[in-house]
Amino acid sequence: MASEDVVRRYDYKGDAKRVYDVILAGGVAICPATIGYGIITSDPRKLEKIFLTKQRNATKRHAMVGSYPVHRVLQVVDKLGREIVDHLVLDLDLPLAVIAPFNRDHPMFKKLDDVTMDAASVNGTIAILINAGPFQDELTKLSLADNQPILGSSANISQTGTKYRREDVQPELNAIADISLDYGLLKYNRYARSSTMIDFSGPKPEIVRIGACYEIIKDALWRHWKIETPEDPGLEANPFGHLKHQKPLASLEKLIATPKIAA
């Protein structure tokens, strides 16, 4: 086969190492996940810059870049929660954003200041996306080995929707990124929403956001545990899938009012 006919294979490990080195140096990266492109960093001030550039409101929180091993180490769920997460993630191989209480004594959290922790948690819980694809799995192997937290959110200006092609990410976000990866059209683009998000902190699991693969998740929750979940009203009625919104956070309101601190 001629060299020009060779199909390009993604170098997940090599790409993850390049991105991780940039993040360790305090940089910002735009990276692929199965549910859309994300923008991430480990630097608290750069995280604030991402927040402001995206024009997010004070009800939003930073999410941790994760994987199944990161979830197991950092989050605490009960027996039912463990069964559900393992079935959805391991048996059905679905992307899932898990909201759950977390192990505050883990050394990863020692590297985050109080303001950042405040903006990355809600009532003693954090959100971690699991099964976001092989690149993110490789990146989190590096971060977990170093106990290095990586945080961020979707790579789009707020209220403009998840971006599934690298070229659709807005110029404002490109301008603050130190490295970016283009993995083409991403896997779950047809859902036109980010990940389905489930809160496991209460007496029973609660759907916080309807997203990718929701119809499969909904079926599994009823089929195996007789857990009723809301019907999806559709993209026109609820384009971003949110069923629950948090109260504005004072520190984020201050950040929005005085953006120079993230310059």
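- Checking R209 against N238 by side-chain atom types alone, no donor-acceptor pair falls below 3.5 Å.
- Under 3.5 Å, the side chains of Y68 and D137 contain no donor-acceptor pair of N or O atoms.
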Give the intermediate values and the outcome of side-chain contact (heavy atoms from CB on, under 4.5 Å) for residues M64 and F102.
-> CA-CA 12 Å; M64 292 201 69; F102 60 98; over 6 Å; no

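- Between K244 and D199, the closest side-chain pair of non-hydrogen atoms falls below 4.5 Å.
- Considering all non-hydrogen atoms of both residues, I128 and S67 come closest at CG2-N, 4.2 Å.
- Inter-residue side-chain proximity for I217 and I198 is flagged as met; some heavy-atom pair is nearer than 4.5 Å.
- Taking Ile, Leu, Val, Met, Phe, Trp and Tyr as hydrophobic and joining them when side-chain heavy atoms fall under 4.5 Å apart, one finds V115 isolated, its cluster having no other members.
- Within the structure, the salt bridge (Lys or Arg N to Asp or Glu O under 4.0 Å) test picks out the following pairs touching residues 218-242 (sequence neighbours left out): R193-D232, K218-E231, D219-R223.
- Among all heavy-atom pairs drawn from N57 and F51, the shortest one is O-CZ, 3.3 Å.
- Using a 4.5 Å heavy-atom cutoff, the side chains of P233 and I210 are in contact.
- Smallest separation of non-hydrogen atoms from T162 and G36: CG2-CA, 3.7 Å.
- Across all their heavy atoms, Q170 and N156 have their closest contact at OE1-CA, 3.5 Å.
- Of all heavy-atom pairs between A100 and Q75, the closest is N-NE2, 3.5 Å.
- A donor-acceptor pair shorter than 3.5 Å cannot be found between the side chains of K60 and S153.
- Closest heavy-atom contact between P44 and T116: CB-OG1, 3.3 Å.
- Residues Y10 and F135 keep their aromatic ring centres 6.0 Å or farther apart.
- For the 3.5 Å distance criterion, the side chains of T41 and D43 fail to qualify, holding no donor opposite an acceptor.
- For the pair D21 and K17, the salt-bridge criterion is met [side-chain N within less than 4.0 Å of a carboxylate O].
- With a 4.5 Å cut-off on side-chain heavy atoms, L80 and P205 count as touching.
- Through direct or indirect side-chain contacts shorter than 4.5 Å among Ile, Leu, Val, Met, Phe, Trp and Tyr, W222 is connected to no other residue.
- Residues E83 and H224 fail the side-chain proximity criterion, which asks for heavy atoms closer than 4.5 Å.
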